[in-house]
Amino acid sequence: QKEVEQDPGPLSVPEGAIVSLNCTYSNSAFQYFMWYRQYSRKGPELLMYTYSSGNKEDGRFTAQVDKSSKYISLFIRDSQPSDSATYLCAISNTGNQFYFGTGTSLTVIP
Amino acid sequence: DSGVTQTPKHLITATGQRVTLRCSPRSGDLSVYWYQQSLDQGLQFLIQYYNGEERAKGNILERFSAQQFPDLHSELNLSSLELGDSALYFCASSETIYNEQFFGPGTRLTVL
């Protein structure tokens with residue numbers, strides 16, 4: 001079983017839609033949860049960084065962690081064509097090991 | 001621009017050869033991470049250094065090695081290259097081992 005699983009998509013939505021991206025993980029010891037955005041052939045860019053359960057909001061982006069279900073989500077409100085990219089979830093346990101999801105490809109259609 | 005630099009941007013070499021990839025972390029960051037990203041494997045954690053010392057190992061092959069120098073830049077050495085080593089290699093840095101990572105632009109390695 002992989003440490004983190006992510007639906008690869010692809011996901012295609014109209015401009016202005018609410019996007020929901022999700023990952024599940026296997027080990028309850030993971031404490032740090034991250035979302036990265038990666039444009040084609042570029043380095044991943046950190047979007048959100050959270051520790052433990054709860055919600056964190058930054059502009060149009062909301063990260064949600066449910067440790068009881070081992071489930072993390074990223075919501076994008078009022079999606080824009082510039083949000084078209086691959087989104088990677090990542091988890092870590094006290095900084096020793098890092099595991100990334102395989103990424104979800106998102107296309108926002110104008 | 002994340003502040004992490006990687007050289008070279010592109011590298012084309014032949015099977016059996018050895019290459020060195022270089023990474024300079026953001027100013028003030030003590031921790032450096034190396035990742036491999038291929039189409040079918042996603043982003044794979046290879047190795048982490050903190051202030052010159054190896055901190056954690058991921059899925060790094062024995063043909064691969066890395067080090068972090070006193071000025072905190074890092075090098076990833078790939079030897080006896082195989083076709084399957086063709087991938088994007090990313091370096092990331094963080095202030096400490098508990099902070100978020102910032103990624104460089106990557107080195108695209110093609111093994112022919």
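To find a chain, count down the sequence lines: A is the first, B the second, and so on, and within it residues start at 1. Bear in mind the structure is a predicted one, so any value in this text is a computation, not a measurement.
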Item checked: Within one Ile-Leu-Val-Met-Phe-Trp-Tyr cluster: B:Leu30 and A:Tyr49, side-chain cutoff 4.5 Å ->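 Yes, same cluster.
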Next item on the list: May I ask whether B:Val111 and B:Phe64 are part of the same hydrophobic cluster, defined by side-chain heavy atoms of I, L, V, M, F, W, Y residues being less than 4.5 angstrom apart, directly or through others?
Entry: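 Yes; tracing contacts between hydrophobic side chains, which count when under 4.5 Å, links both residues.
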Check: What is the distance from atom CD of A:Gln38 to atom CD of B:Gln37, rounded to the nearest 0.5 Å?
Finding: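 Reported to 0.5 Å precision, the distance equals 4.0 Å.
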Notebook entry, point to check: Quick one: side chain to side chain donor-acceptor pair (under 3.5 Å) partners of A:Asn27, sequence neighbours excluded?
Noted result: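 A:Asn27 satisfies side chain to side chain donor-acceptor pair (under 3.5 Å) with no residue once adjacent residues are dropped.
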Item checked: Contacts of type side chain to side chain donor-acceptor pair (under 3.5 Å), residue A:Tyr36, not counting sequence neighbours ->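 In terms of side chain to side chain donor-acceptor pair (under 3.5 Å), with neighbours along the sequence ignored, A:Tyr36 is linked to no residue.
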Check: Closest heavy-atom contact between B:Gln101 and A:Leu46?
Finding: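 Smallest interatomic distance, heavy atoms only, reads O-CB, 4.2 Å.
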Check: Which answer fits B:Tyr35, side chain, backbone, both or neither, if we ask what part of it has an atom under 4.5 Å from a heavy atom of chain A?
Finding: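 Side chain only.
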